[in-house]
Amino acid sequence: MPNARDVIDHMESLLDEKQRQELLRFFKTGPGEYGEGDEFLGLKVPQTREIVKTAAKDFPLSEIPELLMSRWHEVRLCGLLLLVAQFEKQATKRLENDAMAISKRDEIVSMYLKYAGRASNWDLVDLSAPKIVGHWLLLPSNLGDKQAILDHLADSTCLWKQRISMVCTWWPSHEGYPSWCLRYAEKHLHHSHDLMHKAVGWMLREMGKHASMDLLREFLRQHSGEMSRTTLRYAIEKMSEEERQQWLHGTL
């Protein structure tokens with residue numbers, strides 16, 4: 001059975017200096033940038049996914065925090081993807097209402113929330129939040145008020161926790177439940193960071209596409225004049241060119 005140290009040692013052995021430098025630039029790790037201080041090994045996502053695939057079957061949940069606390073971006077991603085894999089195993093249709101599965105899912109979600117700040121870049125959030133927190137929103141749970149839990153993330157001063165509260169709504173929207181997206185889009189509408197402008201617009205677009213274009217249009221009628229241009233452009237991306245131009249020029 002592999003443990004955290006085995007995984008970290010293996011991933012460190014795959015260090016790729018050229019790719020590492022590219023990732024440092026791509027994920028904005030310079031002084032004052034959103035990913036300042038993040039460190040990379042230079043692994044590509046498929047490499048990390050392969051490690052997860054190999055380890056997931058027997059990897060102890062208790063070992064995952066050591067991965068999440070790693071200095072290395074890719075190791076933290078590995079930990080998050082292991083949580084995704086373990087959550088999905090307990091979230092099949094057959095196990096949705098199973099008491100033991102509910103308990104295990106809640107344990108995984110609790111761990112994810114405890115270490116949410118370690119998902120400290122947009123890719124770490126986007127590859128984990130919908131499949132853990134987002135899926136959990138639609139499943140039985142004993143953790144209490146789900147909206148209060150998401151509000152706590154949304155009201156945090158941590159950009160990454162805020163992004164989790166927005167991006168996790170992808171899952172409910174895809175299942176036809178738009179209210180989560182609408183609540184947190186409105187909550188984050190005046191956020192100051194470009195990464196949140198993009199997240200809000202992206203989730204609104206997905207909500208419109210998979211749940212209700214009428215609700216998207218109603219939200220835009222109420223808020224398009226106060227949202228950032230980035231948010232607006234993302235939200236209307238799947239509309240016809242004619243309708244996009246009307247929203248952009250304020251004629252709707």
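Side-chain atoms are counted along with the backbone in the values below, which use heavy atoms only and exclude waters and symmetry mates.
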Do the non-hydrogen side-chain atoms of [X] and [Y] ever get within less than 4.5 Å of each other?
| X | Y | value |
| --- | --- | --- |
| E74 | L23 | yes |
| L248 | I236 | yes |
| F87 | K131 | no |
| L153 | L113 | yes |
| K187 | Y184 | yes |
| I51 | L14 | yes |
| L216 | M207 | yes |
| I64 | L80 | no |

Looking at every non-hydrogen atom in both residues, tell me the closest pair between [X] and [Y] and how far apart they are.
| X | Y | result |
| --- | --- | --- |
| S120 | D38 | O-OD2, 4.1 Å |
| S62 | P65 | O-CD, 3.5 Å |
| D106 | N142 | OD2-N, 2.8 Å |
| K146 | L137 | NZ-O, 3.2 Å |
| V200 | M166 | CG2-SD, 3.8 Å |
| A116 | I164 | CB-CD1, 3.8 Å |

Hydrophobic cluster membership, with links at side-chain heavy-atom distances under 4.5 Å among I/L/V/M/F/W/Y: are [X] and [Y] in one?
| X | Y | answer |
| --- | --- | --- |
| L95 | I132 | no |
| Y112 | I102 | no |
| L143 | L83 | yes |

Any donor-acceptor pair under 3.5 Å from [X] side chain to [Y] backbone:
| X | Y | result |
| --- | --- | --- |
| D6 | N3 | yes |
| T251 | Q246 | yes |
| S212 | G208 | no |
| R118 | L68 | yes |
| S228 | H197 | no |
| N121 | L124 | no |
| T231 | M227 | no |
| R205 | E237 | no |
| E175 | P172 | no |

Side-chain donor-acceptor contact under 3.5 Å, [X] with [Y]:
| X | Y | answer |
| --- | --- | --- |
| W136 | S141 | yes |
| Q162 | H188 | no |
| H73 | E39 | no |
| Q86 | Q90 | no |

Take atom [atom1] of [X] as the centre, draw a 6.0 Å sphere, and report whether it contains more than 12 heavy atoms from other residues, nucleotides or ligands.
| X | atom1 | answer |
| --- | --- | --- |
| K28 | NZ | no |
| H193 | NE2 | yes |
| Y34 | OH | yes |
| K89 | NZ | no |

Before accepting this row, confirm whether a basic side-chain N of the pair [X]/[Y] lies closer than 4.0 Å to the acidic partner's carboxylate O.
| X | Y | result |
| --- | --- | --- |
| E96 | K93 | yes |
| E206 | K209 | no |
| E33 | R25 | no |
| R163 | D126 | yes |
| R20 | D16 | no |

For the [atom1] atom of [X] and the [atom2] atom of [Y], what is their distance to the nearest 0.5 Å?
| X | Y | atom1 | atom2 | result |
| --- | --- | --- | --- | --- |
| S103 | D98 | OG | CG | 10.0 Å |
| Q47 | C78 | CD | SG | 12.0 Å |
| L220 | M213 | CG | CE | 8.5 Å |
| L41 | S70 | CG | OG | 7.5 Å |
| T169 | L182 | OG1 | CG | 8.5 Å |

Provide the full list of salt bridge (Lys or Arg N to Asp or Glu O under 4.0 Å) pairs with a residue in residues 241-252, sequence neighbours left out, each pair given once. R217-E243, E241-R244
Holding to side-chain hydrogen bond (donor to acceptor under 3.5 Å, both in side chains), I want the full list of residues that pass it with E66, two or more places apart in sequence or in another chain. none
Output, in order, the C-alpha distance, side-chain angles, deciding distance and verdict of side chain to side chain contact (heavy atoms under 4.5 Å, CB included) for L77 and L81. CA-CA 6 Å; L77 175 59; L81 293 179; 3.8 Å; yes
Is it true that F27 and W122 have ring centroids separated by less than 6.0 Å? yes
Could you go through L127 and R49, starting from their C-alpha distance and side-chain angles, then the distance that decides it, and tell me whether this counts as side chain to side chain contact (heavy atoms under 4.5 Å, CB included)? CA-CA 11 Å; L127 291 171; R49 287 195 181 278; 3.5 Å; yes
Please report the C-alpha distance between V52 and F59 in whole Å, then the side-chain angles of each, then the deciding distance to 0.1 Å, and finally whether the side chain to side chain contact (heavy atoms under 4.5 Å, CB included) criterion is met. CA-CA 9 Å; V52 170; F59 200 85; over 6 Å; no
Given E107 and K104, is the salt bridge (charged side-chain N to carboxylate O under 4.0 Å, His left out) satisfied, shown in steps? CA-CA 5 Å; E107 185 179 4; K104 289 180 179 178; over 6 Å; no
Would D123 and F26 satisfy side chain to side chain contact (heavy atoms under 4.5 Å, CB included), going step by step from the backbone distance to the final call? CA-CA 11 Å; D123 63 316; F26 182 75; over 6 Å; no
Taking only residues at least two apart or on different chains, which pairs with a member in residues 233-252 satisfy ring-ring contact (aromatic ring centres under 6.0 Å, His included)? none
